[in-house]
Amino acid sequence: MFRLLRWRLGRTLLRAAGRRCGGCTARLLPERAGDTGPGAGGLRSRGAPARGQGLLPLLAAFAWFARPTVAREPPEEEDAADEAEAEIIRLLKRAKMANLAFIRGQLENAEQLFKATMSYLLGGGMKQEDNAIIEISLKLASIYAAQNKQEFALAGYEFCIATLEEKIEREKELAEDVMSVEEKANTYLLLGMSLDACARYLLFSGHLSQAQRMYEKALQICQGIQGERHPQTIVLMSDLATTLDAQGRFDDAYIYMQRASDLAREINHPELHMVLSNLAAILTHRERYTQAKEIYQEALQQAELKRDEVSVQHIREELAELSRKSRLLT
């Protein structure tokens with residue numbers, strides 16, 4: 001899941017709250033020196049509905065509230081500003097609570113909180129195509145996926161993808177003084193995140209060819225904007241390879257997974273052990289048992305260094321199964 005727009009989403013919520021407060025002006029500090037925009041965290045996909053990453057981590061936004069230390073305002077204006085500030089803080093708390101509930105698996109609570117946040121933003125004049133609304137819609141679709149509400153999940157993913165594709169097509173010719181390159185890139189990355197989330201759900205649901213197409217589009221976006229060596233790009237390669245492998249296309253899967261593992265080694269990817277484990281699985285399916293064993297052993301060593309006990313257990317089980325198959329062939 002592309003961890004992007006975090007800092008921007010906080011500012012979007014602040015602007016929305018400001019609109020709800022009419023002429024009230026929230027006291028905001030200028031943008032802090034050193035802010036560098038969207039994060040570049042890793043995107044993960046393992047064929048199951050997405051667990052919660054921090055879609056709305058807005059604690060940093062509280063640092064933007066400040067009371068002036070000079071020139072006290074008239075009481076009426078001060079009261080209005082205080083009311084605006086309080087309303088903004090309530091919105092941020094609600095968004096933070098929604099995200100925490102999602103991370104903790106409290107899906108029904110998270111759903112209600114996300115819906116309330118979205119309703120607030122739309123009521124404040126924000127358009128449905130705004131990236132902040134799309135992000136919340138994507139989180140709601142992931143909640144429905146986790147609840148096995150297929151109709152709602154797919155409708156949510158389709159809304160996010162279709163809306164972003166139409167938005168990108170409409171805005172791609174806009175001059176930079178109207179819409180910056182960074183803003184356009186953020187929208188493209190959000191489309192990639194939506195495609196990835198939908199692909200994961202489709203893979204989990206057994207719709208393999210559809211999942212493959214989604215992964216191919218997400219990989220193209222991520223690679224084009226963030227480069228082939230970016231951690232997100234590498235994981236998407238691995239996910240696409242896994243989808244091809246599930247369709248019995250072992251040779252095509254091997255090409256993508258081999259490239260993903262080479263890149264993962266080069267940059268010391270934080271999920272190198274998982275990429276290697278996937279590569280070993282594909283080698284096993286291709287009946288390259290000696291190579292598969294070597295890669296599994298490398299993956300096991302990496303998993304132990306990462307202290308990922310779940311992966312360690314999984315790799316040991318795969319090695320045991322591989323030994324059993326090898327004995328049967330001798």
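Hydrogens, waters and symmetry mates play no part in the numbers below; they use all other heavy atoms, side chains included. The structure presented is a predicted model; accordingly, all values stated were derived computationally and were not measured.
- The ring pair (Phe, Tyr, Trp, His ring centres under 6.0 Å) with Tyr144 is formed by just one residue from the set Phe159, Tyr201, Phe152; it is Phe152.
- Between Gln291 and Arg286, the side chains place no donor N or O within less than 3.5 Å of an acceptor N or O (distance only, hydrogens not considered).
- Ala260 and Ser238 get closest at one heavy-atom pair: CB-N, 4.1 Å.
- The shortest side-chain heavy-atom distance between Val312 and Arg316 falls under the 4.5 Å cut-off.
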### Query
Can Leu202 and Tyr157 be said to form a side chain to side chain contact (heavy atoms under 4.5 Å, CB included), step by step?
CA-CA 11 Å; Leu202 289 169; Tyr157 290 134; over 6 Å; no

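- In this structure, Lys293 places its NZ atom where only 12 or fewer heavy-atom neighbours from other residues, nucleotides or ligands lie under 6.0 Å away.
- Between the side chains of Gln258 and Asp262, a donor-acceptor pair is found at a separation under 3.5 Å.
- With salt bridges taken as basic N to acidic carboxylate O contacts below 4.0 Å, one links Lys115 and Glu111.
- Leu100 and Ile143 are members of different hydrophobic clusters when ILVMFWY side chains are connected at heavy-atom separations under 4.5 Å.
- Of the possible donor and acceptor atoms, one in the side chain of Thr284 sits under 3.5 Å from a partner among the backbone N and O of Ala280.
- A pairwise comparison of heavy atoms in Ala132 and Met126 identifies CB-SD, 4.0 Å as the closest pair.
- Side-chain atoms of Met214 and Asp196, non-hydrogen and from C-beta on, never get closer than 4.5 Å to each other.
- Annotation: Glu266, atom CD; neighbour count of heavy atoms from other residues, nucleotides and ligands within 6.0 Å is above 12.
- Here the CG-NE2 distance, from Leu305 to His273, works out to 10.0 Å after rounding to the nearest 0.5 Å.
- A donor-acceptor pair under 3.5 Å is formed between the side chain of Ser142 and the backbone N or O of Leu138.
- Atom OG1 of Thr117 and atom CD1 of Ile133 lie 9.5 Å apart (nearest 0.5 Å).
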### Query
Could you go step by step and tell me if Arg200 and Tyr215 meet the side chain to side chain contact (heavy atoms under 4.5 Å, CB included) rule?
CA-CA 8 Å; Arg200 244 178 305 116; Tyr215 274 133; 3.3 Å; yes

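- No salt bridge links Glu216 with Arg213; every basic N to acidic carboxylate O contact stays at or beyond 4.0 Å.
- With hydrogens and angles left out, the side-chain atoms of Gln302 and Glu298 include no donor and acceptor closer than 3.5 Å.
- For the atom pair Leu203 CG and Thr243 OG1, the distance stands at 4.5 Å (nearest 0.5 Å).
- The shortest heavy-atom contact between Leu283 and Ala292 is CB-CB, 3.8 Å.
- The shortest heavy-atom contact between Phe114 and Lys139 is CE1-CG, 3.2 Å.
- Residue Phe250 places its CZ atom among more than 12 non-hydrogen atoms of other residues, nucleotides or ligands, all under 6.0 Å distant.
- Without hydrogens or angle criteria, Lys167 side chain to Glu129 main chain gives a donor-acceptor distance under 3.5 Å.
- The CE atom of Met193 sits 11.5 Å away from atom CD1 of Ile221, with the distance rounded to the nearest 0.5 Å.
- Under the 4.5 Å side-chain heavy-atom criterion for ILVMFWY residues, a single connected hydrophobic cluster contains both Ile267 and Leu263.
- For Arg170, the CZ atom sits in a packed shell: over 12 heavy atoms of surrounding residues, nucleotides or ligands are nearer than 6.0 Å.
- A pairwise comparison of heavy atoms in Ser277 and Ile315 identifies OG-CG1, 3.9 Å as the closest pair.
- Across Glu171, Glu166, Lys172, a single residue satisfies side-chain contact (heavy atoms from CB on, under 4.5 Å) together with Glu169, and that is Lys172.
- Judged by distance alone, with hydrogens and angles left aside, the side-chain atoms of Lys306 form no donor-acceptor pair with the main-chain N or O of Glu271 at under 3.5 Å.
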### Task
Check the pair Ile136, Leu121 against side chain to side chain contact (heavy atoms under 4.5 Å, CB included), reporting the backbone distance first and the verdict last.
CA-CA 11 Å; Ile136 296 173; Leu121 294 175; 3.9 Å; yes

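- Checked against Asn278 for a side-chain contact (heavy atoms from CB on, under 4.5 Å), the options Asp239, Thr242, Asp245, Ile295 give a single hit: Thr242.
- Two residues are said to be in side-chain contact when any heavy atoms from C-beta on lie closer than 4.5 Å; Glu108 and Gln147 meet this criterion.
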### Test log, rule side chain to side chain contact (heavy atoms under 4.5 Å, CB included), inputs Gln226 and Leu189
CA-CA 9 Å; Gln226 305 197 101; Leu189 288 173; 3.8 Å; yes

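- Across every non-hydrogen atom of Leu236 and Ala218, the tightest pair is CD1-O, 3.6 Å.
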### Query
For Glu317 and Gln313, what are the C-alpha separation, side-chain angles and deciding distance, and is it a side-chain hydrogen bond (donor to acceptor under 3.5 Å, both in side chains)?
CA-CA 6 Å; Glu317 290 172 358; Gln313 180 63 28; 3.0 Å; yes

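- Between the Ser261 side chain and the Leu276 main chain, no donor and acceptor come within less than 3.5 Å of each other.
- Atom OG of Ser137 is separated from atom CD of Glu158 by 13.5 Å, given to the nearest 0.5 angstrom.
- For the atom pair CG (Leu164) and OG (Ser194), the distance works out to 5.0 Å, reported to the nearest 0.5 Å.
- Ion pairing of Glu228 with Arg259 is present here, as a side-chain N (NZ or NE/NH1/NH2) and a carboxylate O approach within less than 4.0 Å.
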